[in-house]
J.: 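My questions will all concern the structure given below.
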Amino acid sequence: MPRYNPATIEPKWQAYWEKHQTFVAPRMPSPGTEKLYALDMFPYPSGDGLHVGHPEGYTATDIVCRAARMQGKSVVHPMGFDSFGLPAEEHAIKTGQHPRIQTEANIANFRRQLKMLGFSYDWSRELATTDVGYFRWTQWIFLQIYDTWFDAEQQRGRPIAELPIPDDVRAAGEDAILAFQDEHRLAHQTEAPVNWCPALGTVLANEEVVGGISERGGHPVVRMPLRQWMLRITAYADRLEEDLSGVDWPEGIKLLQRNWIGRSTGAEVDFYIGAETSGATGSASAGFEKWKSARAKSGFLRKTADDVLRIYTTRPDTLFGATYMVIAPEHPFVNRLTTRDNANAMKAYRDQAAAKSDLDRTELAKEKTGVFTGSYAINPVNGSPVPIWVADYVLISYGTGAIMAVPAHDERDFEFAQQFFLPITAVVDPGDAVSPLERGEVLAGERCFVGDGTAANSGKYDGLCTAEFKETITSDLASQGFGRHAVNYKLRDWLFSRQRFWGEPFPILHELDANGQPTGRVRAVPEEDLPVDLPHLDDFKPHGRPEPPLDKAPDDWLYPVIDGKRYKRETNTMPQWAGSCWYYLRFLDPRNDQVAVDPVIEKAWMPVDLYVGGAEHAVLHLLYARFWHKVLYDRGVVSTPEPFHKLVNQGMILGENNEKMSKSRGNVINPDAIVAEYGADSLRLYEMFMGPLEAAKPWSMQGVNGVHGFLNRAWRLIIDEHAETMQTNAAIVDRQPTVDENRVLHKTIQFVTEDIRTLSFNTAISRMMEFTNFFTAQTERPRAAMESFLLLLSPFAPHVAEELWQALGHDCSLAREPWPESDPALTKEQSIEIAVQINGKVRSKIIVHADCDAKMLEAAARTDERMTELLLGKTIVKAIAVPGRLVNFVVKG
RNA sequence: GCCGGAGUGGCGGAAUUGGCAGACGCGCUGGACUCAAAAUCCAGUGACCGCAAGGUCGUGGAGGUUCAAGUCCUCUCUCCGGUACCA
C-alpha cells in the first residue's frame with residue numbers, strides 16, 4: 001500500500017542528493033547569475049545533540065536557498081561546527097581522554113542529525129573551528145591583528161611598521177621602540193584580573209563563579225591579576241557604530257549594538273590635588289595658583305599628571321555644582337590621597353571591594369557605600385576645595401575612574417550625598433520642565449533633576465541653556481588648559497585570552513634570557529611555521545598554578561629555539577569567540593592551504609546576503625566578527641567593510657506551556673523523536689508553520705500532527721493510496737487547467753513566491769494548504785498544476801516533493817527545475833464581492849466586475865435592492881467608494 | 001530602573017499598511033464510512049440576543065483623530081527578551 005511513509009522516502013532522497021552532489025556549490029558564482037550567500041549560525045556541538053531551536057533557522061535558510069537555486073541563482077549554503085568549548089575540556093579533565101575525541105563524536109552526531117533533516121548544505125565545505133587546518137588561519141588572522149595599529153586620524157588599521165615613532169622614543173633605543181610598538185598594537189598584553197580558585201587549582205570563567213565561590217564544589221575564589229591578551233576593539237567603536245546604518249538588520253538589534261558600544265561625549269577635566277608630597281589642602285591654594293598659570297602656558301596635558309585628579313563628565317555644565325568627588329577603589333591615587341585617620345577604614349573598604357565580583361558590586365549594592373579619603377581637590381572653575389571620596393559605584397574601567405559628583409543633577413550622586421550628608425547645590429534650573437513645586441525642591445537641593453535647563457549658581461555662565469553652556473565651558477576649560485572635549489564608550493577592550501587547554505594556541509613566543517627568564521620581548525611565530533597545534537598532554541588535570549594549563553606542556557613544545565634563541569610559547573589560548581569570528585570567510589574556500597580565503601573568491605561571494613541565528617548572539621558574536629572583519633578589510637584581506645548584509649534573528653521555541661525548554665523542566669523536544677514519528681518534512685514544515693520566524697512561539701505536538709496531515713493530503717492528491725503499487729491518483733489528468741484552476745494555481749505561485757522572499761513561511765504554507773483543499777475537492781487535477789505545486793512545496797518539504805515528482809514520471813531531482821512563474825493575467829478574478837456599508841457598518845454585499853471603478857461601484861451600491869430599502873427616507877451626506885474594497889454611505893435621518 | 005518586542009476566538013496565528021477582523025492549522029460539535037474504533041471525507045464553529053430574517057458587542061484597558069481604526073495619536077495595564085550605578 002503506497003501510503004506516505006517518510007521513514008523510507010527521506011533516507012532515499014538524502015542518499016540521492018549525496019550521490020548526485022545535488023547541492024555542491026560552485027567555486028565561483030556562475031557568470032551572469034545572481035549570487036546568494038545564505039548562512040546559518042553554526043552550532044556548538046554539545047553532547048545533547050540538536051535542539052528543536054536549531055532546525056528553525058536552518059529550515060528558513062534552506063527554503064530560501066532551495067527556492068533560489070530553482071530561480072537560477074548561484075547559491076552557497078555551508079554548515080560547520082563551533083567546536084572549541086569548556087564541556088569537552090571538563091570531560092577531558094575527568095576522563096583523561098583528549099577533548100578532540102569527544103568533540104568529534106559530538107560533531108558526528110550533529111552531522112547525522114542535520115543530514116537527517118534534509119538541509120541542502122554543501123557538505124564538502126564543512127569545517128570545525130577545532131580543525132588544525134582551520135585554526136591555522138585563525139592564528140594567522142590573530143597575527144594580522146597583532147601586526148596592526150589603529151591610525152585614529154585616518155580611522156583605519158595600518159601595519160605596525162608604518163607606526164610613526166616619536167623622536168624621544170627613537171632616541172631611547174630599540175627596546176623603547178619595540179615597547180612603543182607593542183603599546184599600539186591592536187593585540188597587546190596587559191594585567192587583568194582572573195578568578196583563581198586555589199582549591200580547584202584552576203582559573204574560572206565569570207559564569208562559573210557565583211557570589212565569590214566556585215559553582216562547582218563551592219570553593220572560595222579570589223580575583224588576581226594575570227598577564228593577558230587584549231584586543232583593541234574600542235579603536236573601532238565609531239566605525240562599528242556608524243556602519244550599522246548600511247546593513248539590513250532589525251532596528252532593535254542595531255540599537256542593542258549602539259547601546260552596547262555606548263558612545264558618550266563630554267569633557268575631561270583636571271582637578272588640582274597638589275604634588276604628592278604636599279598632601280591635602282593647607283598650602284594648596286598657593287600651589288593651585290601656580291598650577292593654573294602653568295596650565296595656561298602648557299595647555300591640557302595629553303596624559304594625566306600626578307598633581308591632578310582627572311575626571312570624565314558628560315555634564316561639564318554642572319561643574320559649579322560639584323560638591324564632592326569620587327574615585328574608584330582601584331584608582332592608583334587612593335593611597336596617596338588617604339589621610340592617616342582614614343587609612344584603616346579605607347583598607348577595609350578596598351579589601352571588601354576587591355572580594356566582590358563586578359556582578360556583586362552592582363546587583364547587591366542597593367545602598368551606596370564609600371569612605372572619605374580625607375583629601376580635597378580644587379575645582380578649577382571656582383577654586384573651591386572639594387572632598388574626595390572612594391566609592392565602588394565608580395568603576396575603574398570607565399572614563400578615568402574618577403568623577404566629580406553633582407548630586408543635584410545625577411541620581412547616583414544624589415543618593416550617595418543623602419547617604420553621607422554631603423551638600424547638594426543646584427546649578428541647573430529646570431524651568432517649566434517640572435511642576436513649580438518640584439522646581440522649588442530642585443533649586444533647594446531637595447530633589448534631583450537630570451534633564452536640561454538653564455544654568456544657575458554658575459557665575460558668569462548663569463542663564464545659559466544646558467547645550468550652550470556645555471559647549472562654552474568646554475572650550476573655556478580647553479583654553480585655560482583645565483580640560484578638553486572627550487568621548488567615551490561603554491564598550492571595553494576585548495579580553496582575548498583564556499586559561500584553558502581546549503582553544504586555539506596563540507602564535508606568540510616570549511624571548512628568554514640565559515637564565516630562562518622572559519626578557520619582555522615578544523615575537524610572532526613566523527607565518528610559515530603555522531599552525532601551532534596543541535601539544536600532547538598525559539592528562540588534563542589542573543597543575544595547580546594560576547598559569548594556563550599549557551604551562552605543563554612538554555618542553556619540546558613549550559620551549560622552541562629559533563636562530564639560536566630560546567623562547568617560551570604563549571600558554572594562554574583564545575576564547576571560543578575567535579573561531580566564529582571568521583568562519584563565514586573560510587566557508588568560501590575551505591581547503592585552501594595557501595591563504596585564509598582566495599581574494600577572488602571572497603570578492604565574488606561576500607558579503608553574506610542572509611545570516612540567520614538566535615538573538616543571543618545579537619551583541620557579542622556579531623560585534624566581534626564585525627571587528628575582525630574591519631581589521632581584515634583595513635589590511636586588504638577582505639573586500640567589504642561589513643560581513644553580514646541582512647540579519648534575521650529567529651525567535652525562541654518554547655515548551656508547550658510557553659516556558660523555556662530546559663532539561664530541568666523536562667519539556668525538551670528531541671528532533672530525533674519527531675523525525676522518527678512524523679518525518680523530517682513534517683518537522684521542517686511545522687517549525688515554519690508555527691508563526692513568524694522572528695517570534696517566540698510555543699511547541700505543540702498537535703500542531704506537528706496537523707502539518708503531517710497536510711503532507712498526507714498532498715500525497716493523496718497525487719498518489720492512489722489504495723492501489724497495490726505506487727501509482728498516481730486517477731484524478732490526475734493530462735489537460736489544460738480551467739480558468740478557476742489556473743487562478744488558484746497562479747495565486748498560490750504568486751503568494752508563495754512573495755512569502756519566501758519576505759521570509760513569511762507560515763503564510764506561504766497556509767497558501768499551499770488552500771491549494772490542496774481546493775484540488776482535493778476536484779475530481780480532475782491537471783498534471784501541470786500538480787507539478788507546479790510540487791515545485792512550490794519542495795523547498796519546505798523536499799523529500800516528499802521529490803518522491804511525488806518522481807511519481808509523476810520524472811527521473812531526476814526537482815532541485816534545479818525552474819521555479820514556477822505566476823501569470824498575472826491568470827490570477828485575476830472576473831467578479832468580486834464588495835461590502836456596502838452605512839455609517840461604517842456592513843449592510844449588504846454586491847457582486848461587481850473586478851475592475852469596476854469608484855463611480856460605477858457607487859452606482860451599483862445605490863441600486864442594490866437591500867440598499868435602496870435601507871436608504872429609503874435617509875439623506876446621504878457622503879458616499880465613499882474604494883474600488884476593489886468597499887462602499888460606505890454616510891447618512892442622516 | 002532603563003532599552004527593545006508583544007498583547008487578536010478554547011489554542012498557534014492571518015489581515016494590500018487605515019477599508020468586510022478571525023485566512024490557514026489545531027481543538028471542539030454534528031454527519032458519512034465502519035460491527036466498532038482509528039484513519040479519512042463532508043458540514044459547522046468569536047460572544048450575546050432572536051424561531052427566523054436580522055441585530056448588538058468584539059483585537060489588554062481608557063480616551064482621541066477619521067466616512068472608516070487590530071492598524072494612526074495620547075494615557076495606562078500585563079507578559080516576554082536584553083541590560084545593570086558607564087558619570
Side-chain angles (χ1 to χ4, degrees), chain A residues 3 250-256 258-260 262-264 266 311-315 318 325-326 358-359 361-363 365-366 368 391-395 397-406 409-413 415-416 450 488-492 615-616 618-619 649 651-652 654 656 658-660 685-686 689-692 694-707 709-710 712-713 716 721 760 762-770 772-773 776-777 833-845 876-891:
Chain A
R3 304 187 97 164
E251 282 307 315
I253 302 296
K254 289 189 186 183
L255 193 66
L256 220 55
R258 285 203 183 95
N259 291 343
W260 192 266
R263 185 179 205 268
S264 78
I311 59 101
Y312 171 73
T313 178
T314 56
R315 292 297 298 272
T318 60
M325 318 207 44
V326 183
D358 293 347
L359 206 79
R361 232 163 102 160
T362 58
E363 216 152 295
K366 293 271 181 271
K368 296 263 183 296
D392 66 4
Y393 82 90
V394 168
L395 309 174
S397 48
Y398 184 77
T400 57
I403 63 157
M404 64 169 191
V406 185
H409 306 293
D410 182 284
E411 302 276 7
R412 299 150 298 183
D413 298 344
E415 228 177 89
F416 189 85
V450 299
N488 258 300
Y489 303 93
K490 283 194 208 176
L491 181 70
R492 305 294 155 81
E616 65 273 23
V619 178
N649 287 122
M652 210 186 321
L654 306 167
E656 299 236 11
N658 251 305
E659 70 229 320
K660 264 189 188 153
L685 205 62
Y686 173 63
F689 188 61
M690 292 172 84
E694 300 90 331
K697 34 205 180 268
W699 187 266
S700 156
M701 260 332 184
Q702 289 182 328
V704 183
N705 198 47
V707 293
F710 161 65
N712 262 304
R713 282 200 299 283
R716 288 193 300 269
E721 248 194 341
S760 312
N762 53 333
T763 49
I765 294 165
S766 301
R767 295 297 184 174
M768 292 189 285
M769 287 172 168
E770 287 178 301
T772 49
N773 290 347
T776 295
E833 193 189 58
I834 295 289
V836 183
Q837 301 178 330
I838 291 176
N839 291 341
K841 298 198 169 168
V842 180
R843 284 294 123 103
S844 180
K845 303 210 169 166
I876 297 177
V877 182
K878 197 173 175 186
I880 297 106
V882 183
R885 307 280 355 164
L886 50 55
V887 180
N888 187 15
F889 293 110
V890 185
V891 305

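Proteins get letters first, then strands, A, B, ... in listed order; numbering begins at 1 in each.
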J.: Which residues pass the side chain to side chain contact (heavy atoms under 4.5 Å, CB included) test with A:Lys841, not counting sequence neighbours?
T.: A:Arg843
J.: A:Thr314: which residues meet the side-chain hydrogen bond (donor to acceptor under 3.5 Å, both in side chains) condition with it, sequence neighbours left out?
T.: none
J.: Evaluate the side-chain proximity of A:Val890 to A:Ile876: yes if any heavy-atom separation is below 4.5 Å, no if none is.
T.: no
J.: Would you list the protein and nucleotides 3-6 of chain B atom pairs, both N or O, that sit under 3.5 Å from each other?
T.:
none

J.: Stem finding on RNA chain B, please: runs of three or more consecutive Watson-Crick or G-U wobble pairs, both distances under 3.5 Å, sorted by first number.
T.: B:1-7 with B:77-83, B:10-12 with B:24-26, B:27-32 with B:40-45, B:46-49 with B:54-57, B:60-64 with B:72-76
J.: Quick one: classify the glycosidic conformation of B:G81 as syn or anti, with syn meaning within 90° of 0.
T.: anti
J.: Using a heavy-atom cut-off of under 4.0 Å over every strand shown, decide if A:Lys254 touches base, sugar-phosphate, or nothing.
T.: nothing
J.: So, using salt bridge (charged side-chain N to carboxylate O under 4.0 Å, His left out) as the criterion, who are the partners of A:Arg885 when residues are at least two apart?
T.: none
J.: Within the side chain of A:Asn888, is there an N or O that forms a donor-acceptor pair under 3.5 Å with the backbone of A:Gly840?
T.: yes
J.: Using salt bridge (charged side-chain N to carboxylate O under 4.0 Å, His left out) as the criterion, list what pairs up with A:Arg767, not counting sequence neighbours.
T.: A:Glu770
J.: Write down the atom of A:Tyr312, the atom of A:Gly266, and the distance for their closest heavy-atom approach.
T.: OH-N, 3.6 Å
J.: With sequence neighbours excluded, tell me which residues meet salt bridge (charged side-chain N to carboxylate O under 4.0 Å, His left out) with A:Lys254.
T.: A:Glu251
J.: List the protein contact pattern of nucleotides 37-48 of chain B with one symbol per nucleotide (5' to 3'): B for base contact, S for sugar-phosphate-only contact, - for none; contact means a heavy-atom distance under 4.0 Å.
T.: ---SS-------
J.: Below 3.5 Å is the cut-off: list the nitrogen or oxygen pairs between protein and nucleotides 66-71 of chain B, distance only.
T.:
from  : atom 1 : to       : atom 2 : distance (Å)
B:C67 : O2'    : A:Asn888 : ND2    : 3.2
B:C67 : O2     : A:Asn888 : ND2    : 2.7

J.: Who are the salt bridge (charged side-chain N to carboxylate O under 4.0 Å, His left out) partners of A:Asp410, not counting sequence neighbours?
T.: A:Arg412
J.: Rounded to the Å, how far apart are A:Met769 CE and B:A14 P?
T.: 14 Å
J.: Who are the ring pair (Phe, Tyr, Trp, His ring centres under 6.0 Å) partners of A:Trp699, not counting sequence neighbours?
T.: A:Tyr686
J.: CZ of A:Arg767 versus P of B:A15: gap in Å, rounded?
T.: 9 Å
J.: Report the distance from atom CG of A:Leu886 to atom P of B:C20, rounded to the nearest whole Å.
T.: 6 Å
J.: Between the main-chain N or O of A:Met701 and the side-chain N or O of A:Glu656, is there a donor-acceptor pair closer than 3.5 Å?
T.: yes
J.: Among all residues two or more places apart in sequence or in another chain, which pass the side-chain hydrogen bond (donor to acceptor under 3.5 Å, both in side chains) test with A:Arg315?
T.: A:Asp317
J.: Taking the P atom of each, how far is B:C26 from B:G13, in whole Å?
T.: 16 Å
J.: Expressed in angstrom and rounded to an integer, what is the separation of A:Leu395 atom CG from B:A87 atom C1'?
T.: 9 Å
